[in-house]
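Everything quoted here is computed from the prediction, not taken from an experiment. Both backbone and side-chain heavy atoms feed into the values below; hydrogens, waters and symmetry mates do not.
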Amino acid sequence: MYRNDIMRSMKTCFNRLNAMLLIVFMVMSGLSLVAQGGNGDLPGDPDAGKKLFNAQCAACHKLDKRLVGPAMAGITERRSTEWLIKWIRNNAELRASGDKDAIAVYEEYNRSAMPAFPLLSDQDILDILAYTIVGDKPAAPAGDAGVVATGTAPSDQGSGVNIWILALLSAFLLIHLLILIKIKNTLRILKGEEPTSAFEDLSKGVQVAVKNRKVIMVSTIILSVFLLKELYWGLMSIGVEQGYMPEQPIAFSHKIHAGDNGIDCKYCHYGAEKGKHSNIPSAALCMNCHTYIQEGPKYGTQEIDKIYAAVGFDRETNSYIPGYDQRPVKWIRVHNLPDLAYFNHAQHVNVAGLECQTCHGPVEEMEVLYQHSELTMGWCIDCHRQTEINVDNGYYKDLHDKLKEKYKTQKVTAEMIGGLECGKCHY
Ligand code: HEC
Ligand code: HEC
Ligand code: HEC
Ligand code: HEC
Ligand code: HEC
Ligand code: HEC
């Protein structure tokens, strides 16, 4: 009797433990699958690949960033291995065969052709691709995303390491589970019962787990924490984009133009004075100077050739190609308020007389343009509270006269002319 009781309680105990471990195991392996995603292993040597990449590709490609060509991390998820081998060996040939994807990337990158690499063997290319998957192993220091964002969400970082930890944990738990089943069966034999199969045990474990509240609670908590974390990073990266610095299709430098050569912001962004939007200049405007300035100090002819590819200018003959199908340069937008907010440049540049730099920072020093200010509602409001307006600018004469009378010696701020009213900034 007594002995049977012990056996029974031990049995329940093992069942519960089994169930717990099983659930944790399933969640873990589920997570590692999610984390890994897609095209896993390629038969290549990443170390050899890294050497080749640095020697042959790094001038134009980075793993995590767009340079002259697209970022290479994740390329094996976007394209098949077969396609990649063909492209890397001779992309012009692939395009000539009418391959749609090949033509599309070429167009996207303003027809700046990538050289052919006829000397790379299949294995060399597989090595390079393996390197694009594995990357540089020692995880990059967790970058200060707020200040120098590179466009990757913080949650992407170090996921390679996580996969290994998850895999190890899963293996560890699986071994424990098997040992427990072994012990339990030994006990059953001692008791004179038939041993059960591992499969029976597992399915019993699941049954118990589904009925056991604690197990359900624990796994719900694990899952929720995971989801909340994803949601949190998601929301963080949707909201505030301060520091956002995308790689542009042409390495246009504000430092060279607005800084070193002192070109006025409004020569290019003439829209800022006139209306809501500050325009981005067309390639035709670039040609005012670049018909003559055909080489740059840093990239030589390479980047300026992209302007020529956009407008159809032939540097050999120094003339426009007749009948050329012009294509606008696809600049990547840096600043972007949500649709619910209304912002008007002329109001701030002309009426308020603010310098571009007050909001956009030291643009004339930027090699690559980035978002300097938060662009949150609090940011707009703070400035409206603090900034004194010019009541003699002749724009709202009646209102200004009333305000001058009302506040006399006090300073009149943007707040006082209605700068905090919801309707002024929201449609
Ligand atoms: C001189 C610059 C340059 C070099 C060197 C270069 N590439 Fe490229 N690559 C580009 C450009 C530009 C593109 C975009 C497509 C286009 O304009 O032809 C591109 C596109 C690609 C693509 C297609 C990307 C996609 O999204 O489909 C792959 C893959 C690629 N390169 C791999 C390599 C590899 C591997 C090497 C080294 C062996 C290499 N590239 C060397 C400039 C270069
Ligand atoms: C020679 C023309 C030229 C001059 C001069 C110039 N810009 Fe630009 N600007 C551009 C081009 C082209 C882009 C788009 C590419 C980029 O973002 O770098 C741009 C982008 C920008 C953007 C980001 C737009 C977005 O996508 O949100 C800001 C802000 C900006 N310029 C401000 C300035 C300020 C301030 C000055 C003066 C200090 C200035 N620019 C001078 C050509 C010019
Ligand atoms: C008012 C004249 C002017 C305009 C307009 C102009 N640039 Fe430039 N650009 C220059 C000068 C000057 C240089 C520097 C040449 C040098 O130092 O050798 C330059 C250099 C460059 C370079 C070479 C960078 C390097 O380091 O190699 C690029 C690329 C470039 N400009 C792109 C553009 C684009 C794109 C536009 C139109 C949005 C544009 N420029 C409009 C005057 C201009
Ligand atoms: C009071 C702050 C402020 C000042 C001053 C200001 N900007 Fe902006 N700028 C913004 C905001 C906010 C946006 C984003 C607007 C949007 O997404 O609708 C922006 C966007 C831009 C853009 C992207 C195109 C667009 O209009 O959305 C350019 C280019 C630009 N600014 C250039 C300039 C230049 C050049 C000056 C000076 C002549 C200037 N800005 C002055 C706040 C400012
Ligand atoms: C650097 C200071 C500054 C920032 C930042 C700023 N503003 Fe302003 N804003 C002003 C000033 C000054 C005026 C008053 C102009 C005048 O004299 O009429 C103004 C006026 C306005 C007006 C017109 C108010 C009225 O009653 O006519 C609107 C709308 C506005 N701002 C929206 C915004 C939005 C939206 C943002 C944020 C995206 C923003 N502002 C950021 C300084 C700023
Ligand atoms: C000076 C301009 C300005 C005024 C005044 C203003 N807002 Fe906003 N508001 C903004 C901007 C800009 C955003 C977008 C900010 C962002 O994306 O972080 C915004 C965002 C919001 C949002 C969305 C919040 C979010 O996180 O997406 C709400 C809701 C909102 N405002 C309500 C109001 C109400 C209510 C008032 C009046 C009491 C008001 N706003 C007055 C500029 C203003």
Side-chain angles (χ1 to χ4, degrees), residues 60 62 64-71 109-110 112 143-152 240-311 313 327-337 343-346 348-350 352-375 379 383:
C60 301
K62 285 189 123 187
D64 55 344
K65 263 197 254 173
R66 172 176 178 144
L67 206 60
V68 178
Y109 282 78
N110 293 306
S112 48
D144 189 356
V147 186
V148 269
T150 54
T152 36
V240 182
E241 305 270 12
Q242 192 173 20
Y244 179 50
M245 183 168 75
E247 207 75 41
Q248 299 287 351
I250 300 180
F252 177 82
S253 159
H254 276 83
K255 180 172 180 296
I256 290 183
H257 291 87
D260 302 348
N261 288 290
I263 305 169
D264 184 14
C265 312
K266 285 174 258 179
Y267 177 80
C268 291
H269 301 291
Y270 45 83
E273 280 192 306
K274 300 191 184 111
K276 178 173 181 321
H277 279 295
S278 179
N279 64 298
I280 301 292
S282 68
L285 190 139
C286 311
M287 290 301 286
N288 287 351
C289 299
H290 285 290
T291 309
Y292 316 106
I293 303 170
Q294 304 199 335
E295 282 182 32
K298 194 162 160 198
Y299 299 103
T301 55
Q302 177 190 306
E303 295 298 308
I304 291 170
D305 271 344
K306 294 181 184 170
I307 309 176
Y308 296 168
V311 298
F313 184 81
R327 56 204 65 247
V329 180
K330 289 181 187 149
W331 301 109
I332 297 169
R333 194 170 175 150
V334 182
H335 298 75
N336 207 353
L337 287 175
F343 177 85
N344 185 313
H345 269 95
H348 291 86
V349 175
N350 268 0
L354 291 168
E355 293 292 329
C356 315
Q357 283 84 347
T358 314
C359 298
H360 293 298
V363 171
E364 68 285 354
E365 292 167 15
M366 298 179 189
E367 285 287 357
V368 181
L369 196 122
Y370 60 85
Q371 181 177 322
H372 171 81
S373 302
E374 277 179 10
L375 262 61
W379 173 73
C383 183

Heavy-atom donor-acceptor pair, [X] side chain to [Y] backbone, under 3.5 Å:
| X | Y | result |
| --- | --- | --- |
| N350 | A272 | no |
| Q248 | I332 | yes |
| Y308 | H290 | yes |

Distance, nearest 0.5 Å, that separates [atom1] of [X] from [atom2] of [Y]:
| X | Y | atom1 | atom2 | result |
| --- | --- | --- | --- | --- |
| K255 | E364 | NZ | CD | 10.5 Å |
| D260 | E365 | CG | CD | 10.5 Å |
| F343 | L337 | CZ | CG | 7.5 Å |
| N344 | H277 | CG | NE2 | 9.0 Å |

Locate the shortest heavy-atom distance separating [X] from [Y]; write the atom from each residue and the value.
| X | Y | result |
| --- | --- | --- |
| Q294 | F313 | NE2-CE2, 3.7 Å |
| E295 | T301 | CG-CG2, 3.5 Å |
| G69 | Y109 | C-CE2, 3.8 Å |
| P249 | K306 | O-NZ, 3.1 Å |
| N336 | L375 | N-CD2, 4.3 Å |
| V368 | M245 | CG1-CG, 3.5 Å |

(request) Report the residues that fulfil ring pair (Phe, Tyr, Trp, His ring centres under 6.0 Å) with F252, sequence neighbours left out, ordered by chain and then residue number. (result) H254, H257
(request) Taking ring pair (Phe, Tyr, Trp, His ring centres under 6.0 Å) as the test, write out the residues that go with H372, two or more places apart. (result) none
Would you check if [X] and [Y] make a side-chain contact, meaning some heavy-atom pair closer than 4.5 Å?
| X | Y | answer |
| --- | --- | --- |
| C356 | V349 | no |
| K266 | C268 | no |
| S373 | H360 | no |
| T358 | H348 | no |
| K298 | E303 | no |
| L369 | V363 | yes |
| Y267 | L285 | yes |

(request) Report the C-alpha separation of S253 and E367 in whole Å, then their side-chain angles, then the decisive distance to 0.1 Å, and conclude whether the side chain to side chain donor-acceptor pair (under 3.5 Å) test is met. (result) CA-CA 5 Å; S253 159; E367 285 287 357; 3.1 Å; yes
